[in-house]
There are 2 protein chains.
Amino acid sequence: MDPPSPEDPGRTSGYTLADFSMFAVAVDVVLMSIQQRELRILLVQRGTPPYRGGWALPGGLVMKSEPLEEAAQRVVYEQSGIVFRQGHLEQVGAYGDPQRDPRTRVVTVAFWAVAPQSSHPCLDSGSAGPGAPAYLEFVPVPEIESGRLKLAFDHAHIVADTLERVRANLETTTLARRFCPDEFTISQLREVYEAVWGGPLDAANFQRRILQSEGFVSPLEKWRRPAGRGGRPARLWQADDGHKRLSRPFPAPWRGRS
Amino acid sequence: MDPPSPEDPGRTSGYTLADFSMFAVAVDVVLMSIQQRELRILLVQRGTPPYRGGWALPGGLVMKSEPLEEAAQRVVYEQSGIVFRQGHLEQVGAYGDPQRDPRTRVVTVAFWAVAPQSSHPCLDSGSAGPGAPAYLEFVPVPEIESGRLKLAFDHAHIVADTLERVRANLETTTLARRFCPDEFTISQLREVYEAVWGGPLDAANFQRRILQSEGFVSPLEKWRRPAGRGGRPARLWQADDGHKRLSRPFPAPWRGRS
DNA sequence: GCAAAAGTGTTTAAAATACACCCATGC
DNA sequence: GCATGGGTGTATTTTAAACACTTTTGC
């Protein structure tokens with residue numbers, strides 16, 4: 001909208017009720033998982049037009065009296081069979097460009113969530129209705145960010161915004177714990193940072209830095225046996241309560257310093 | 001939604017088209033301004049039910065083919081006469097609780113923006129239709145955060161989320177420049193930080209820290225005469241291009257350190 | 001001259017970085 | 001023993017914080 005000229009007689013005049021229509025409201029979910037030390041995002045191959053055969057985020061329309069968060073959990077379950085924790089769901093934002101869906105105007109609310117590590121997506125054999133995906137898998141983030149994979153709608157935009165948010169939040173909050181099981185080692189936590197930031201961290205300094213942050217992790221009197229070809233047993237830790245902002249940001253080497 | 005039981009025969013069965021309805025979509029805007037060294041937010045006193053007479057954020061329904069950002073600019077202009085820059089508009093998120101509006105289900109997309117310092121809101125004498133506010137003013141943030149002022153709908157929640165975001169972004173981005181005019185002094189920039197964070201900063205250390213951050217400000221060969229009872233003239237600076245993430249976060253004393 | 005605001009210098013404390021080194025295990 | 005991963009110690013560099021001090025103006 002051009003800045004309206006101040007000499008307009010009445011600023012709210014000129015509209016009729018027909019100008020204000022109802023909208024289709026949808027949710028799209030960026031479901032993340034770390035597998036083989038790589039950050040991955042669940043993508044579905046669309047079984048119906050538009051963008052039939054193209055890659056997209058799991059998503060769908062919100063029901064009449066359904067909270068947005070519940071819709072996000074529902075569509076992920078319907079399309080992949082994956083159930084994730086309520087606390088591990090966070091909003092990215094609303095995407096409402098009038099042209100974003102070629103069929104009709106849709107405002108979509110994007111969420112991101114963490115899938116349990118063990119979870120593997122599976123198609124719903126019982127239903128192949130509209131919206132049912134043809135195929136789905138956890139795709140490594142580098143493959144998506146390279147641009148080789150074309151995503152439907154504005155989903156590339158949604159993914160980019162989400163990754164920026166998640167990477168930034170790793171610096172300033174205790175978010176990394178969400179990617180870990182209930183009991184975890186400091187190395188597992190470090191692998192989260194390395195997978196999301198996409199680069200190695202000094203294990204010694206990482207350990208100290210985490211333990212210095214109050215309210216991040218608490219020690220357990222348990223140890224994990226070394227896997228593979230040996231190594232000292234690692235102490236297990238549990239997450240402290242709540243999703244907190246760190247008192248001091250966690251230093252991120254992945255961004256060029258001035 | 002409870003986690004659905006895995007033995008459900010078909011995950012997508014059981015819905016009919018009637019379950020997916022159309023929604024009213026609105027925008028609400030947290031318009032900020034620094035006046036008398038205080039951060040303030042534009043609030044309108046509602047002229048129509050619900051919450052008639054209560055305080056609320058400027059907002060309204062989105063039109064059929066209107067981008068969300070344009071709707072945000074439009075409703076602020078209609079309700080206050082204030083026009084702000086496109087670049088100074090950022091989304092906070094979508095708020096879609098089924099009970100958030102007592103009349104019908106409304107999904108609102110919240111934005112925050114910066115008003116030019118000189119701008120003062122005025123009612124639209126030409127129109128008193130539905131949605132036209134009865135009164136409006138820039139209310140100091142401490143007054144809102146104290147809880148003495150009750151806000152309509154979930155607007156207290158929107159304001160809280162916005163303030164958290166803006167305060168955090170001052171640390172990690174060059175956001176503060178948006179609150180300044182085209183040419184400004186380092187003290188003016190510091191006053192932005194002090195108003196938003198709500199506490200004093202060391203002027204000497206602040207100056208150095210800003211100048212060390214590449215891509216924040218560029219010097220002009222201009223100086224501002226001291227106001228009031230004297231003082232050394234201050235150099236004027238201009239904002240470097242774009243809204244950038246700082247290479248190193250700006251230290252915030254307002255958050256307790258561990 | 002004196003007060004006020006802008007801006008620089010200097011000292012001290014704290015934090016990040018790099019990396020050497022010890023610990024406990026599997027084979 | 002040796003490789004492997006867990007974990008601690010320590011020297012070095014970088015950054016933040018506190019505040020003394022100089023500069024340039026208005027009155």
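Order of the sequence lines sets the chain letters (A, B, ...), proteins ahead of strands, with each chain counted from 1.
- One can place CG of L201(B) at 13 Å from P of dA16(D), the figure rounded to the nearest angstrom.
- For the pair N205(A) CG and dT10(D) C1', the interatomic distance rounds to 11 Å; values are reported in whole Å.
- A203(A) pairs by the side-chain contact (heavy atoms from CB on, under 4.5 Å) definition with R190(A), not counting sequence neighbours.
- A straight line from CZ of F184(A) to C1' of dG6(D) spans 16 Å, rounded to a whole angstrom.
- Between the NZ atom of K222(B) and the P atom of dA6(C) there is a distance of 19 Å, rounded to whole Å.
- For Q207(A) and dT8(D), the shortest distance from a side-chain N or O to OP1 or OP2 is below 4.0 Å.
- Using a 4.0 Å cut-off between charged nitrogen and carboxylate oxygen, R85(A) and D182(A) count as a salt-bridge pair.
- A tilted orientation is assigned to the rings of F250(B) and W197(B), their planes being inclined by 30° to 60°.
- A close approach under 4.0 Å does occur between a side-chain nitrogen or oxygen of R224(A) and OP1 or OP2 of dG6(D).
- When heavy atoms are screened at a 4.0 angstrom cut-off, T185(A) is found touching no nucleic acid atom at all.
- Taking the side chain as every heavy atom from C-beta outward, L211(A) and V217(A) approach each other to under 4.5 Å.
- Across the protein-nucleic acid pair, Q188(A) atom CD and dG5(D) atom P stand 14 Å apart, rounded to whole Å.
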Taking only nitrogen or oxygen atoms into account, show me every contact under 3.5 Å that the protein makes with nucleotides 25-27 of chain C, one pair per line with its distance.
| residue | atom | partner | partner atom | Å |
| --- | --- | --- | --- | --- |
| dT25(C) | O2 | G231(A) | N | 2.9 |

Review item, side-chain donor-acceptor pairs of residues 139-147 of chain A, under 3.5 Å, at least two apart:
| residue | atom | partner | partner atom | Å |
| --- | --- | --- | --- | --- |
| E145(A) | OE1 | R167(A) | NH2 | 3.1 |
| E145(A) | OE2 | R167(A) | NH1 | 3.0 |
| S146(A) | OG | E143(A) | O | 2.8 |
| S146(A) | OG | R148(A) | N | 3.2 |

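- Between F153(A) and Y95(A), the distance from one ring center to the other does not fall under 6.0 angstrom.
- Rounded to an integer number of Å, the gap from CZ of R209(A) to P of dT17(C) is 10 Å.
- For the pair L211(B) CG and dT15(D) P, the computed distance is 15 Å after rounding to whole Å.
- Comparing A203(A) and A227(A) by the nucleotide of DNA chain D whose heavy atom lies nearest to each, the residue mapping closer to the 5' end is A227(A).
- Side-chain N/O atoms of R248(A) include one lying less than 4.0 angstrom from OP1 or OP2 on dA16(C).
- Comparing dT8(D), dG7(C), dT8(C) by their nearest atom to the side chain of A204(B) picks out dT8(C).
- Taking a cutoff of 4.0 Å between a charged side-chain nitrogen and a carboxylate oxygen, R74(B) and E78(B) qualify as a salt bridge.
- Protein atom CG of D202(B) is 11 Å distant from nucleotide atom C1' of dA16(D), rounded to whole Å.
- Counting distance only, with no hydrogens placed and no angle test, the side-chain atoms of R235(B) and the base atoms of dT8(C) include no donor-acceptor pair under 3.5 Å.
- Take the nearest nucleotide of DNA chain D for R208(B) and for W223(A): the residue whose nucleotide is more 5' is W223(A).
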